[in-house]
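Notes follow the structure.
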Amino acid sequence: MIDRRTQKYDRQLRLWHAHGQSALENANVCLLNGSAVGTEILKNLILPAIGSFTVVDGKAVEVADLGNNFFLTQECLGQSRAKCVTQLLNELNEEVEGKFLEEDPTVLIEANPSYFQQYSLIIASQLPTSSLLRLADICWETNIPLVIVRTYGLFGYARIAVREHHIVETHPDQIVDLRLDCPFPVLRDMVQGYDISQLDSMAYGHIPYIILLLMCLEEWKSVHDGKLPLTSTERSQFKDLIRSKQREDVGENQNFEEALAAAYRAWTPTKIPSHIQDILQDSAADNITEHTPTFWVIARAVRDFVTNEGGGYLPLAGTVPDMHADTESYVKLQTIYRTKAREDCAAVKERVKSILVSSGRSQDAVSEEEIERFCKNAAYLKVIRYRSLKEEYEQCTLTGKKIGNWLSDPDDNIVFYVLVRAADLFYERMQRYPGAGIENVDEDISPMRQCVSELLAQWDRPDAAVSDDLILEIVRAGASELHTIAALQGGIVSQEIIKLLTRQYVPLNNTVVFNGIKSGASVYAL
Amino acid sequence: MSENMPVQSNGGVADLEGRWRDIYTYLERPGPLANDGFEPGDQVKEFLHTLKILVIGAGGLGCELLKDLALMGFTDIHVIDMDTIDISNLNRQFLFRASDVGKPKAEVAANFVMKRVPGVKITPYFGKIQDKDEEYYNQFTIIICGLDSVEARRWINATVITMFDEEDPETFKPIIDGGTEGFKGQSRIILPRMSACYECSLDMQTKPTTYPMCTIANTPRLPEHCIEWASVLEWAKEFPDKKLDGDDPEHIKWLLDKASARAKEFNITGVTYTLTQGVVKNIIPAIASTNAIVAASCANEAFKIATNCATAMNNYMMYVGDQGVYTYTFELQKKEDCPVCGGKAIKVEINPAHTLEDLMDLLMDRKDIQLKKPSLRTGTKSLYMRAPRMLEEATRPNLGKQIRELMEDGEEVTVTDETLPISIQMTVRFTE
Ligand SMILES: [Zn+2]
């Protein structure tokens with residue numbers, strides 16, 4: 001039977017499974033500012049049962065907070081926002097522990113940088129530039145993932161900064177690893193032992209297409225000096241060869257249709273994709289110490305496997321797609337692939353153990369399941385090394401070069417990032433945002449234009465243009481925090497955080513800008 | 001119908017002056033990106049606070065939508081949902097608690113949001129959308145759908161579009177529709193007869209996975225094949241009079257045992273309780289974050305349409321979050337011969353020597369209209385009608401007759417089907 005927790009989390013376990021769930025449940029996140037977007041992010045993390053959270057906020061609840069923050073009530077007016085939002089967020093899931101700290105995040109960042117070390121991830125919402133840069137440095141130095149989020153009128157952006165994020169389970173649409181051009185001995189023997197002339201028409205119509213392709217390819221290679229069909233003429237000849245095997249007495253041809261549709265898999269040579277080669281050869285896997293992340297320990301083992309037992313190939317994934325076939329041939333084929341995958345993985349496991357021991361760790365320091373997942377997904381791994389916020393803000397010419405290029409398209413959403421940054425500059429000078437808290441909005445237009453020009457000049461792109469309409473529109477927005485944009489950005493950011501914490505699926509690199517007028521998001525590597 | 005309560009601009013709660021500061025920032029100021037006809041000031045605020053908006057569905061999207069709309073200043077919200085709360089809803093439907101399991105979603109959700117956001121009135125209806133008539137739907141300015149069923153979407157789409165009378169602008173109701181699946185989702189705006197409707201894009205729908213019957217019966221290869229065998233064939237054999245209930249753990253357990261035994265017999269691995277339930281109920285993964293994105297996008301469009309404070313999206317956004325963040329926003333094109341909003345008859349070509357039954361099969365195979373049990377009549381006679389029984393019996397012999405015996409080349413035929421609340425006009429062209 002099935003327990004209550006599995007029932008409750010059923011719809012998400014189907015996406016990230018029990019090990020993703022336990023990664024989530026072991027995470028401890030910190031939110032700076034219990035703003036509308038901040039509480040929306042936490043809501044979407046508490047519901048799927050993140051381990052625990054802390055809200056840091058020094059503000060008292062104002063009446064305008066009640067207009068955009070769902071985790072506040074009228075009774076909260078004048079009380080600590082950190083305390084109030086934590087109380088109401090805690091009602092969402094009894095399994096999640098929420099704490100709060102009544103302190104201004106900007107003060108905390110200056111006064112107590114080591115405070116942040118206790119967390120698995122920091123969420124900085126609506127933080128002014130100077131504090132943000134300081135926080136980003138702290139997180140970067142201590143290797144804590146930082147997620148920055150801003151909402152601004154009908155617009156918003158979010159940014160991830162992590163030194164390195166590696167993913168084993170990127171969840172591609174399907175994992176295909178058939179080795180048709182280089183069948184391993186057991187597979188080759190099976191195909192050679194397959195006497196199709198003896199099959200009755202029923203069995204003939206159910207030969208798995210993988211077998212058909214392997215047979216045809218062996219035949220092709222035997223008369224083409226062992227070469228694969230390369231030119232388009234050869235490829236259509238190869239398809240003719242497949243067709244020539246069809247038998248007239250067999251009514252159904254579905255397996256042949258599948259073989260023809262998958263023929264390209266036969267002439268595509270099996271090789272290690274270059275981005276996977278890069279990961280295996282990465283210097284992080286060179287000198288394994290007791291502090292090396294397990295990802296790199298396994299990567300090193302796979303690197304060594306490839307040059308030794310693997311004979312130049314990755315460990316076999318071991319999955320066989322469904323195809324038209326009778327049960328027996330299909331299961332037999334599946335068993336052959338699975339057995340070989342298990343053997344490859346066993347070899348990798350041995351290598352992992354000896355690497356662990358020689359780097360001073362217990363030989364069980366990496367779980368078998370983790371190695372198995374790595375082997376299965378070896379062709380789909382991903383490593384992202386983010387650009388730090390410091391680099392983005394300080395290497396102005398490089399940042400400006402990118403932004404200037406994107407700005408040359410007047411419809412590109414990057415302009416809203418530029419405008420929010422310009423509004424931040426405005427804030428640094430005036431201690432208020434353009435168009436916020438004043439009656440006569442027009443007063444702010446000219447100083448805001450000035451901020452945009454200065455920012456573009458800082459980026460060495462004084463030539464780049466920002467339309468005046470958009471400057472007017474951002475002044476009109478007056479730094480308002482609309483609930484829909486908070487909820488939308490909160491959704492995007494929480495989804496990214498789940499991907500970061502579970503180390504499954506691929507998080508964005510590194511900034512996403514949302515335009516709530518046209519309704520669309522764009523991603524930039526800033 | 002209940003009388004409208006007088007609603008003040010602050011949402012009915014006098015001591016919360018300033019609550020809507022962030023929304024009013026937009027509504028009090030003109031802007032170059034505002035929609036044509038936007039008039040900043042008190043009137044637009046008043047309109048936002050008094051108009052009626054309908055949310056269909058109080059599930060993953062619905063819970064989010066009610067919160068989003070209430071916090072965007074909508075004050076008169078109605079919600080329809082026919083479901084009760086299940087434990088598997090709690091990982092995302094954040095207005096529900098474990099103690100609410102078994103209660104009607106619409107009522108619990110409405111009460112929660114009303115308690116949390118002072119001054120908002122949410123009127124729940126625990127029942128089916130089909131229970132309500134035109135007069136009911138006509139009271140709303142905007143209709144938002146957070147549904148997980150194609151059937152319900154088709155019904156509401158056809159109902160709202162057919163309701164629109166060009167002589168009476170009050171009958172024009174924009175529909176905003178959202179949907180999610182795992183890390184992916186979409187939101188769209190349907191302006192009756194102005195932009196593509198749900199029916200126009202029916203062929204974009206991904207159909208649930210089905211397995212050929214011969215595979216299930218004779219050559220199973222996947223654990224899913226064994227589960228289908230147990231649920232489709234064995235269940236009906238064992239319990240001819242009992243309907244299979246995917247939410248009944250006893251039923252799932254029975255299927256699991258049957259499927260496991262078959263899997264063992266064929267050396268197939270991977271039959272589990274989770275997979276069994278997933279296959280039987282056609283479960284689609286769902287998480288809070290994706291619902292939040294899609295619902296917020298729908299509510300954001302509702303706010304812009306209601307106030308004109310900025311132009312609305314044109315007209316479809318896809319969100320894909322599994323590999324980075326990707327959105328694609330585009331204008332979905334209206335189909336000239338859409339059976340719901342096109343006004344033109346759909347064309348069907350058939351060899352007149354074929355039978356009426358062949359024509360029926362042709363209609364049911366068409367992805368763009370997806371009929372289940374069509375009934376057909378010409379302007380003068382019934383060709384085949386499924387109900388009442390007497391008429392069915394009287395028209396059944398026509399199924400075997402040749403098309404040329406029943407109609408002229410180019411004749412218009414009216415098609416009705418239980419999947420649609422309206423009829424479709426079809427022109428039948430003969431091929432020789
Ligand atoms: Zn249409």
Side-chain angles (χ1 to χ4, degrees), chain A residues 1-2 4 7-12 14-15 40 43-44 47-48 63-64 66-68 70 73-74 92 153-154 170-171 206 322 325-327 330-331 441 469 472-473 476-478 480-485 487-488 490-492 494-495 498 505-509 512 516-521 523, chain B residues 16-23 25-26 29 31-33 64 67-68 71-72 87-88 90-92 94 116 118 182-183 219-222 249 253 266-268 273-274 278 283 285-293 295-297 299-301 303 310-311 313 317 321-327 329:
Chain A
M1 238 28 205
I2 197 152
R4 207 174 149 78
Q7 273 181 58
K8 178 170 164 190
Y9 298 114
D10 177 82
R11 300 302 184 270
Q12 71 202 42
R14 289 170 194 273
L15 291 172
E40 288 299 310
K43 174 190 93 230
N44 303 331
L47 290 165
V63 72
L66 304 185
N68 63 22
F70 193 70
T73 63
Q74 210 170 335
L92 289 170
L154 282 165
T170 50
H171 293 270
H206 284 86
D322 187 32
D326 58 89
T327 307
Y330 180 79
V331 171
V441 180
D469 271 357
L472 297 184
E473 191 65 34
R476 175 196 185 199
S480 58
E481 295 180 48
L482 302 178
H483 182 75
T484 47
I485 300 299
L488 208 149
I492 295 178
S494 53
Q495 206 174 79
I498 286 169
Y505 301 93
V506 184
L508 78 98
N509 182 11
V512 59
I517 294 186
K518 286 192 174 166
S519 193
V523 172
Chain B
L16 288 178
E17 192 67 47
R19 173 163 54 140
W20 301 123
R21 182 194 69 197
D22 292 58
I23 292 168
T25 301
Y26 264 93
R29 298 171 175 181
L33 303 189
E64 285 282 338
K67 162 186 70 85
D68 294 346
L71 287 180
M72 288 307 277
I87 182 166
S88 66
L90 303 182
N91 81 325
R92 61 197 187 282
F94 67 100
R116 182 63 59 86
F183 287 101
T219 57
R221 297 174 298 273
L222 303 181
K253 181 72 176 49
F266 285 94
N267 290 314
I268 295 167
Y273 188 95
T274 304
I283 290 178
I287 48 174
S289 55
T290 317
N291 283 325
I293 295 166
S297 157
N300 194 47
E301 296 308 318
F303 177 72
T311 50
M313 115 175 127
M317 177 180 78
D322 58 347
Q323 311 289 314
V325 170
Y326 172 78
T327 66
T329 309

Problem set entry | Max heavy-atom pair count under 4.5 Å with chain A, selected residue of B/Pro220, B/Gly278, B/Gly182 | B/Pro220

Problem set entry | Closest-packed option against chain B by number of heavy-atom pairs under 4.5 Å, given A/Lys8, A/Arg476, A/His483 | A/Arg476

Problem set entry | Closest approach of B/Ala296 to A/Thr484 (non-hydrogen atoms, all atoms of both residues) | CB-O, 3.4 Å

Seminar exercise, completed: Pair count under 4.5 Å, heavy atoms only, with chain B: among A/Thr73, A/Asp469, A/Ile498, A/Val441, highest is A/Asp469

Seminar exercise, completed: In short, B/Gln323 meets A/His171 closest at the heavy-atom pair NE2-O, 3.3 Å

For this session: Test B/Glu17 against A/Val63 for side-chain contact (heavy atoms from CB on, under 4.5 Å), laying out the working first.
Result: CA-CA 8 Å; B/Glu17 192 67 47; A/Val63 72; over 6 Å; no

Problem set entry | Note, B/Ile287 side chain near A/Arg11 side chain (heavy atom, < 4.5 Å) | no

Seminar exercise, completed: Taken in chain and number order and not counting sequence neighbours, the residues that satisfy salt bridge (Lys or Arg N to Asp or Glu O under 4.0 Å) with A/Arg14 are A/Asp10

Problem set entry | A/Val331 vs B/Arg221 side-chain heavy atoms within contact, under 4.5 Å | no

Problem set entry | Considering all heavy atoms, the nearest B/Asn300-A/Gly516 contact | ND2-O, 3.0 Å

Exercise. Do B/Ser289 and A/Asn44 meet the criterion of a side-chain donor-acceptor pair at a distance under 3.5 Å?
Worked result: no

Exercise. Under a 4.5 Å heavy-atom cut-off, does chain A meet the side chain of B/Tyr326, its backbone, both or neither?
Worked result: neither

Problem set entry | Separation of B/Asp68 CG from A/Leu482 CG (nearest 0.5 Å) | 11.5 Å

Exercise. Is any side-chain heavy atom of B/Asp322 less than 4.5 Å from a side-chain heavy atom of A/Leu15?
Worked result: no

Exercise. If you tally heavy-atom pairs under 4.5 Å against chain A, which of B/Ala286, B/Ala299, B/Ala295, B/Ala310 wins?
Worked result: B/Ala286

Problem set entry | Donor-acceptor side-chain pairing of A/Gln495 and B/Thr290 below 3.5 angstrom | yes

Exercise. Between A/Lys43 and chain B, which part of the residue has a heavy atom less than 4.5 Å away: side chain, backbone, both or neither?
Worked result: side chain

For this session: Could you tell me which non-hydrogen atom of B/Lys67 sits nearest to which non-hydrogen atom of A/Ala487, and how far apart they are?
Result: NZ-CB, 3.8 Å

Problem set entry | Nearest-0.5 Å distance, OH of residue A/Tyr330 to OG1 of residue B/Thr219 | 11.5 Å

Exercise. Relative to chain A, which of B/Leu90, B/Ile268, B/Leu222 shows the most heavy atom pairs under 4.5 Å?
Worked result: B/Leu222

For this session: Would you mind telling me which of A/Asp326, A/Leu47, A/Leu508 has the largest number of heavy-atom pairs within less than 4.5 Å of chain B?
Result: A/Leu47

Exercise. Which bit of A/Phe70 is near chain B, if near means a heavy-atom gap under 4.5 Å: side chain, backbone, both or neither?
Worked result: both

Exercise. Is B/Tyr26 reaching over with its side chain to a backbone N or O of A/Leu154, donor-acceptor style, under 3.5 angstrom?
Worked result: yes

For this session: Taking all heavy atoms of A/Gly67 and all of B/Trp20, pick out the closest pair and write down the distance.
Result: O-CZ3, 3.4 Å

Problem set entry | Minimum heavy-atom distance B/Pro32-A/Leu472, with the two atoms named | CG-CB, 3.8 Å

Exercise. If you measure from CG on A/Asn68 to CG on B/Asp22, what distance do you get to the nearest 0.5 Å?
Worked result: 5.0 Å

Exercise. About how many Å separate CD of A/Glu40 and CZ of B/Phe94, when rounded to the nearest 0.5 Å?
Worked result: 7.0 Å

Problem set entry | Spatial distance of atom CD (A/Glu481) from atom CD1 (B/Ile23) [nearest 0.5 Å] | 12.0 Å

Seminar exercise, completed: Of B/Leu71, B/Asn291, B/Thr25, B/Thr329, the largest count of non-hydrogen pairs under 4.5 angstrom with chain A goes to B/Leu71

Problem set entry | Under 3.5 Å: donor-acceptor pair, side chain of B/Arg29, backbone of A/Ala477 | no

Seminar exercise, completed: Given B/Met317, B/Arg116, B/Met72, B/Glu64, the one with more heavy-atom pairs under 4.5 angstrom with chain A than any other is B/Arg116

